[in-house]
Amino acid sequence: MKRELIKDILKSSKFDIAVTVGGWLRTRRDSKGGFSFLEINDGSCFANLQVIADNSLSNYATEIEKLYPGSSLSVTGQLVESPASGQSVELKAETIKVFGFCDPLEYPIGKQRVSFEKLREIAHLRPRTNSFGAVTRVRNNLAFATHKFFQEKNFFYINTPIITASDCEGAGEMFRVSTLPADNPPVDDNGNVDYTQDFFGKKASLTVSGQLEGETHACALGNIYTFGPTFRAENSNTRRHLAEFWMIEPEMAFADLNDDANLAEEYLKYLFNYVLENSSEDLGFFNQRIEKGIIEKLAKLAESKFERISYTEAIEILRKADAKFEYTPEWGADLQSEHERYLAETCFGTPVIVLDYPKIIKPFYMRMNSDEKTVAAMDVLLPNVGEIIGGSQREERLDVLNARIDECGNNPDDYWWYCELRKFGTVPHAGFGLGFERIVQFCTGMQNIRDVIPFPRTPNNVEF
RNA sequence: UCCGGCGUAGCUCAGCGGUAGAGUAGGUGGCUGUUAACCACUUGGUCCUUGGUUCGAAUCCAAGCGCCGGAGCCA
């Protein structure tokens with residue numbers, strides 16, 4: 001079926017031409033003047049198209065008057081200038097084909113307001129709402145902008161494995177991947193599960209990060225990035241965590257921590273500018289209904305310089321701060337949520353990049369600084385969201401890396417191939433990870449991360 | 001996992017010891033180039049589950065289940 005998108009029709013300045021649209025009814029208003037107003041949405045944009053359905057249509061009494069929100073239809077007619085205010089163009093229907101009626105007594109999302117919590121229970125229908133249509137289009141633009149940004153900078157898109165045997169420094173609890181019988185797995189002489197009999201012949205899990213594999217390709221192709229699903233089996237119940245989420249992980253060869261921070265800042269600003277330019281209609285909705293001032297916020301951040309401070313400076317600022325913290329800031333302890341929020345929201349009011357964390361709170365692969373107390377790590381903190389990016393310069397010196405693997409209590413055998421990247425032609429390199437849903441949250445103002453991914457997976461929730 | 005809050009009509013909520021309410025959606029009638037349409041009437045409920053206190057529980061207490069917010073873990 002050849003059809004025009006409402007997105008294009010509403011921009012059209014050509015009138016009195018024949019067009020066909022297909023979409024879902026949002027609302028019907030009857031006029032006793034002998035016609036009905038139908039508002040159609042086809043998902044191509046936020047706005048609806050107003051259709052005039054005259055009672056001279058052959059199926060007016062039999063079908064048009066029985067249309068309720070959610071019904072699917074196609075309309076062919078003349079695009080005309082609207083005589084009334086509220087819309088510039090409207091479609092005067094010549095034929096209306098109804099594909100599917102929608103019973104208003106059963107359909108859960110009519111014209112009335114439905115809470116986000118309720119919509120999560122009907123995740124198969126929620127993309128038909130204004131909010132989720134807008135979130136989905138912004139999410140799409142952020143994904144496209146991500147590829148565009150890295151491709152323009154000559155980064156190669158690579159696909160790291162989803163099933164893995166390396167547990168990447170214990171970034172979180174992992175989901176086991178196994179074909180062994182769950183109720184009665186084979187056991188070895190010590191009574192432990194015998195994974196040599198499993199599908200892969202050893203313990204396998206869903207990935208918590210593609211970083212270690214990503215490094216292999218950075219150490220060959222130069223600059224690469226991944227953009228794929230990531231899994232954490234943590235029992236996290238917050239509005240910022242998912243068990244399955246999408247992560248973007250660039251990795252650069254011949255790069256240090258400063259290059260890494262520059263890339264992170266440039267990438268975030270690129271995203272802000274991209275959605276400001278290409279999602280303006282949807283952002284207008286978020287600006288009005290979800291987070292007042294979000295457009296101004298994104299525009300300001302796209303222009304501003306991100307604050308950069310060392311971890312040690314951050315601790316000093318927090319200790320002098322005129323604020324009550326539940327946890328006293330102390331050198332050597334990780335920054336608490338309240339500390340990150342103070343820095344990004346109260347103290348600077350801009351994104352903050354914190355650099356050079358104590359080695360004791362960071363994983364083995366981060367590069368040791370010359371003070372031998374800190375490592376070349378960075379976190380990017382956003383107002384309201386908190387940590388959005390975590391990254392580091394990687395340890396490229398084999399002897400130091402081996403010592404750190406030992407020190408952190410890891411088994412060197414698990415990282416033999418990772419170490420060989422240092423053994424054979426090592427190179428300074430750096431990268432970071434960004435949680436895609438968190439940036440969607442930030443750019444839409446949506447409060448709960450479960451509402452910026454089509455089908456959220458959280459503890460006790462795997463419906464759909 | 002810990003702390004706090006909340007589960008009442010299809011939906012959004014009020015009621016907080018004396019026998020069930022509003023708005024909205026749906027129905028009927030009226031009116032209208034309408035646009036969150038409007039006006040009148042109207043259908044609609046195991047008050048999450050189980051147990052306890054009480055003459056009497058939607059209301060108080062306890063446990064369970066579910067959801068939300070904060071914390072931790074992190075992206």
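A note on names: the letters A, B, ... follow the listed sequences, proteins ahead of strands, and every chain is numbered from 1.
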**Item:** Electrostatic pair A/E407-A/K359, nearest N-O below 4.0 angstrom
**Value:** yes
**Most 5' of A/L105 and A/P83 on RNA chain B, judged by nearest nucleotide** = A/L105
**Request:** Look at the side chain of A/Q336 and decide which nucleotide, out of B/A75, B/C74, B/A71, has an atom nearest to it.
**Result:** B/A71
**Asked** According to the 5.5 Å centroid and 30° plane-angle thresholds, does A/F245 stack upon the nucleobase of B/A75?
**Response** yes
**Request:** Check RNA chain B against residues 345-361 of chain A and give the residues with a non-hydrogen atom under 4.0 Å, in numerical order.
**Result:** none
**Message:** So if I take every side-chain heavy atom of A/R120 and compare against B/G33, B/A75, B/C68, which nucleotide ends up nearest?
**Reply:** B/C68
**Message:** Do A/K269 and A/Y274 form a cation-pi contact, if we require the NZ or CZ to be under 6.0 Å from the six-membered ring centre and within 45 degrees of the ring's axis?
**Reply:** no
**Message:** If I take atom CG in residue A/L268 and atom P in nucleotide B/A75, what distance separates them, rounded to the nearest angstrom?
**Reply:** 15 Å
**Asked** If pairing requires Watson-Crick or G-U wobble contacts with both distances under 3.5 Å, which nucleotide is the partner of B/A57?
**Response** none
**Message:** When you measure only distances, ignoring hydrogens and angles, does the side chain of A/D30 come within 3.5 Å of the base of B/U32 through a donor and an acceptor?
**Reply:** no
**Base of B/C73 paired with side chain of A/S236 (donor-acceptor, under 3.5 Å)** = yes
**Prompt:** Side-chain donor or acceptor of A/R438 under 3.5 Å from a matching atom on the base of B/C74?
**Reply:** yes
**Prompt:** Would you call A/K153 and A/E266 a salt bridge, using N to O less than 4.0 angstrom?
**Reply:** yes
**Prompt:** Picking from B/A71, B/G26, B/G33, which would you name as closest to the side chain of A/P104?
**Reply:** B/G26
Tabulated below should be each protein N or O lying under 3.5 Å from an N or O of nucleotides 12-14 of chain B; please produce it.
from: B/U12; atom 1: OP1; to: A/S115; atom 2: N; distance (Å): 3.4
from: B/U12; atom 1: OP1; to: A/S115; atom 2: OG; distance (Å): 2.6

**Request:** Output yes when at least one side-chain N/O atom of A/N235 is less than 4.0 Å from OP1 or OP2 of B/C2, else no.
**Result:** no
**Prompt:** Among B/U1, B/G72, B/C74, which nucleotide sits nearest the side chain of A/E340?
**Reply:** B/C74
**Message:** Using a heavy-atom cut-off of 4.0 Å across all strands, would you classify A/R26 as base, sugar-phosphate, or nothing?
**Reply:** nothing
**Asked** How long is the span from the CG atom in A/L142 to the CZ atom in A/F436, to the nearest 0.5 Å?
**Response** 5.0 Å
**Fill in**
Of the listed B/U34, B/A75, B/G69, the closest approach to the A/E90 side chain comes from B/U34
**Item:** Residue met sooner reading RNA chain B from 5', once A/L242 and A/N460 are mapped to nucleotides
**Value:** A/N460
**Message:** Taking only the C1' atom of each, what is the distance from B/U50 to B/G15 in whole angstrom?
**Reply:** 24 Å
**Request:** Choose from B/G26, B/C68, B/G33 the nucleotide whose nearest atom is closest to any side-chain atom of A/Y68.
**Result:** B/G26
**Request:** For A/N237, report the nucleic acid contact type (base, sugar-phosphate, nothing); a contact means any heavy atom under 4.0 Å.
**Result:** base
**Request:** Take the angle between the ring planes of A/Y311 and A/Y357 and call it parallel below 30°, perpendicular above 60°, tilted in between.
**Result:** tilted
**Request:** Tell me which nucleotide among B/U1, B/A37, B/A75 gets nearest to the side chain of A/H241.
**Result:** B/A75
**Message:** In whole Å, I'd like the distance from the CD atom of A/Q447 to the P atom of B/C68.
**Reply:** 14 Å
**Message:** Does the plane of the ring in A/F150 sit parallel, tilted or perpendicular to the ring in A/Y267? Use 30° and 60° as the thresholds.
**Reply:** tilted
**Prompt:** Can you name the residues that form a salt bridge (Lys or Arg N to Asp or Glu O under 4.0 Å) with A/E244, not counting sequence neighbours?
**Reply:** none
